[in-house]
Amino acid sequence: MTELSAKPASSLTSTAQSGAANYPGLDNWRDLPISQQPTWQDRDVFDASVQELSALPPLVFAGEVDVLRERLAAAAQGKAFLLQGGDCAETFGDATADKISARVKTILQMAVVLTYGAAMPVIKMGRMAGQFAKPRSSNEETRDGVTLPAYRGDIVNGYDFTPESRGHDASRMLRAYHTSASTLNLIRAFTQGGFADLRLVHQWNKGFTENPAHARYESLARDIDRAIKFMASCGADFEALKRVEFYASHEALLLDYERALTRIDSRTGFPYDTSAHFLWIGERTRELDHAHVDFLSRVRNPIGVKLGPTTTGDDALRLIDKLDPNREPGRLTFITRMGAGNIREKLPAVVEKVTASGAQVLWVTDPMHGNTVTSPNGYKTRNFDDVIDEVRGFFEVHHALGTVPGGLHVEMTGDDVAECLGGADPIDQEAFLDRYESVCDPRLNHMQSLEMAFLVAGALTRH
């Protein structure tokens with residue numbers, strides 16, 4: 001894997017400790033090699049920001065994290081399915097009620113399609129309320145002869161190509177915290193306050209442009225309506241339909257932020273990273289003896305690891321030994337991102353080796369990151385057909401091996417953007433000129449996300 005500066009963490013961070021959580025080993029990562037971290041421009045601002053973050057309330061609670069671990073254990077056994085979706089990189093400016101609700105509605109719609117089509121509980125998880133840091137292939141970006149630091153996500157610096165915007169400002173971690181808190185507050189209101197009532201499936205579709213995927217969704221919604229009316233006539237209790245569990249996740253890339261939000265659970269005495277329910281380690285930072293793997297091995301959250309096409313079975317086993325030494329159900333998720341051209345060839349050996357070891361991990365497909373290309377007019381994009389082909393390949397491999405395809409991880413939005421080519425209502429490169437909004441990676445739009453859900457529902461039914 002390509003690294004940027006693999007320097008000891010202690011050379012990039014302050015000696016200030018996160019006073020909110022003292023636990024053996026939690027700061028060992030500071031003495032290990034680390035990559036993809038910022039170089040904060042003002043040490044005093046950094047120290048003050050970490051101190052304030054360490055004293056702020058948790059964004060999520062240990063009890064919620066424990067429930068999620070149980071849900072993921074069920075998915076690993078084929079008794080549930082994980083749907084994880086959201087922005088490639090959240091921005092502070094897009095944390096509006098309309099954009100958050102559109103994303104939540106799209107995930108709820110996808111979950112309804114999966115639940116009804118596959119007759120299986122769906123764990124709903126957003127790449128939301130914390131996905132503000134992004135790994136980059138280069139530390140710098142050059143435009144018209146001017147070189148500045150690369151954009152590393154709103155938690156580190158700004159997207160505008162100016163020296164002021166691109167400086168690494170540690171106070172942005174505080175804004176990321178407060179933006180995450182407001183986002184979670186809105187999500188909880190939506191999912192617990194009646195917005196997510198299954199009897200309102202038609203209303204989730206309002207405000208979106210009519211297209212073939214929505215027509216198919218409306219047909220399914222009518223079937224659900226008929227089923228609910230039948231249950232009502234039988235005197236069924238609809239309390240369980242009024243609200244849904246919704247979990248927050250992000251890549252645990254910026255360890256200064258993650259460490260500052262780690263808290264000791266008063267019930268158990270164990271450390272939890274309270275920035276999100278679920279955290280994952282990226283393909284660029286999964287080195288076994290480096291800082292990210294070490295830190296996340298020490299918190300109680302369910303952990304994911306992205307596995308690219310270079311991953312071997314032995315790599316996977318070593319990650320299991322480090323991150324899940326007790327083989328705890330629901331603890332470890334492998335998110336495969338191998339590309340449509342590699343999935344059928346590369347994945348089987350890894351799955352076979354892990355299965356033979358007796359470890360029970362949750363296998364999830366990320367069909368987005370292995371299929372990124374550049375369009376002829378210069379935009380970073382993905383072909384929808386390639387994305388779909390990797391999903392098909394994922395299911396084919398698990399079907400052939402008799403193992404469990406347990407989840408889907410996608411970069412998507414509820415907005416009518418044009419960033420990925422193709423789909424039933426085809427997006428072409430000319431649409432990028434007016435409707436390409438992502439500051440980092442291309443996302444599926446609302447319609448493409450629904451198409452994906454119908455495909456996966458069909459694959460789950462066959463499996």
Side-chain angles (χ1 to χ4, degrees), residues 1-2 72-84 114 118 120 123 280-288 293 302-325 327-373 382-411 452 455-463:
M1 288 173 290
T2 301
L72 296 176
Q77 297 167 2
K79 299 176 182 176
F81 190 81
L82 172 64
L83 173 62
Q84 185 177 9
L114 291 168
M120 181 181 293
I123 305 159
W280 75 84
I281 303 167
E283 168 76 354
R284 291 185 174 103
T285 53
R286 62 172 173 83
E287 294 89 345
L288 199 68
V293 171
I303 301 300
V305 184
K306 292 286 189 79
L307 303 181
T310 64
T311 308
T312 67
D314 288 336
D315 291 337
L317 293 183
R318 284 191 287 266
L319 285 164
I320 293 169
D321 288 340
K322 179 69 174 180
L323 293 167
D324 185 25
R327 304 298 194 267
E328 182 181 8
R331 162 66 175 176
L332 185 59
T333 297
F334 280 152
I335 306 168
T336 60
R337 41 149 297 176
M338 297 189 171
N342 291 315
I343 186 74
R344 295 169 179 85
E345 176 188 353
K346 304 286 188 180
L347 182 59
V350 180
V351 175
E352 285 178 312
K353 193 114 182 183
V354 170
T355 304
S357 76
Q360 188 175 81
V361 303
L362 172 59
W363 294 100
V364 171
T365 179
D366 167 5
M368 308 294 289
H369 285 90
N371 296 301
T372 304
V373 296
R382 288 149 178 162
N383 288 294
F384 188 67
D385 287 348
D386 292 339
V387 172
I388 293 297
D389 190 46
E390 180 156 359
V391 174
R392 289 197 178 102
F394 174 79
F395 277 93
E396 289 169 12
V397 167
H398 284 286
H399 181 74
L401 296 177
T403 48
V404 176
L408 174 68
H409 179 121
V410 290
E411 291 182 334
M452 173 76 75
L455 166 79
V456 174
L460 283 170
T461 302
R462 289 190 295 274
H463 188 79

Take Asp315 and Lys353, measure what salt bridge (charged side-chain N to carboxylate O under 4.0 Å, His left out) needs, and give me the verdict at the end. CA-CA 10 Å; Asp315 291 337; Lys353 193 114 182 183; over 6 Å; no
Decide yes or no on side-chain contact (heavy atoms from CB on, under 4.5 Å) for Glu287 and Val293, but give the supporting numbers first. CA-CA 7 Å; Glu287 294 89 345; Val293 171; over 6 Å; no
Side chains of Leu455 and Val391: closer than 4.5 Å at any heavy-atom pair? yes
List the steps, then state whether side-chain contact (heavy atoms from CB on, under 4.5 Å) holds for Phe334 with Leu362. CA-CA 6 Å; Phe334 280 152; Leu362 172 59; over 6 Å; no
Report yes if the side chains of Ile303 and Thr333 come closer than 4.5 Å at any heavy-atom pair, otherwise no. no
Considering only NZ, NE, NH1 and NH2 on the basic side and carboxylate oxygens on the acidic side, decide whether Asp385 and Arg392 come within less than 4.0 Å. no
Relative to the ring of His409, is the ring of Trp280 parallel (under 30°), tilted (30 to 60°) or perpendicular (over 60°)? perpendicular
Do side-chain atoms of Asp324 reach the backbone of Arg327 as a donor and acceptor pair under 3.5 angstrom? yes
Between Leu319 and Leu307, which heavy-atom pair has the shortest distance, and what is it? CD1-CD2, 4.0 Å
If you measure from CD on Glu328 to CG on Leu72, what distance do you get to the nearest 0.5 Å? 11.0 Å
Of all heavy-atom pairs linking Pro302 and Gly330, the shortest is CB-O, 3.6 Å
side-chain contact (heavy atoms from CB on, under 4.5 Å) assessment of Lys306 paired with Ile281: CA-CA 6 Å; Lys306 292 286 189 79; Ile281 303 167; over 6 Å; no
Do you know which two heavy atoms are closest between Thr311 and Val350, and how far apart they sit? O-CG2, 3.6 Å
Correct closest heavy-atom pair for Phe81 and Pro405 would be CE1-O, 3.5 Å
Between Val354 and Ala316, the two heavy atoms sitting closest are CG2-CB, 3.7 Å
For Met452 and Phe384 the tightest heavy-atom approach is N-CZ, 4.4 Å
Quick check: do His398 and Val351 have side-chain heavy atoms less than 4.5 Å from each other? yes
Can you find a heavy atom in the side chain of Val404 that is under 4.5 Å from one in the side chain of Gln77? no
Are Asp389 and Arg344 ion-paired here, with the side-chain N under 4.0 Å from a carboxylate O? yes
Distance, nearest 0.5 Å, that separates CG of Asn383 from OG1 of Thr372: 10.5 Å
Working to the nearest 0.5 Å, report the span between OG1 of Thr403 and CD of Gln360. 11.5 Å
As a test of understanding, state which of Arg337, Glu390, Met338, Arg382 forms a side chain to side chain contact (heavy atoms under 4.5 Å, CB included) with Pro367. Glu390
What distance separates Thr365 OG1 from Leu82 CG, expressed to the nearest 0.5 Å? 11.5 Å
Quick one, Leu114 with Val456, criterion side-chain contact (heavy atoms from CB on, under 4.5 Å). Give me CA distance, side-chain angles, the key distance, then yes/no. CA-CA 7 Å; Leu114 291 168; Val456 174; 3.5 Å; yes
Rounded to the nearest 0.5 Å, how far apart are OG1 of Thr336 and CG of Leu347? 5.0 Å
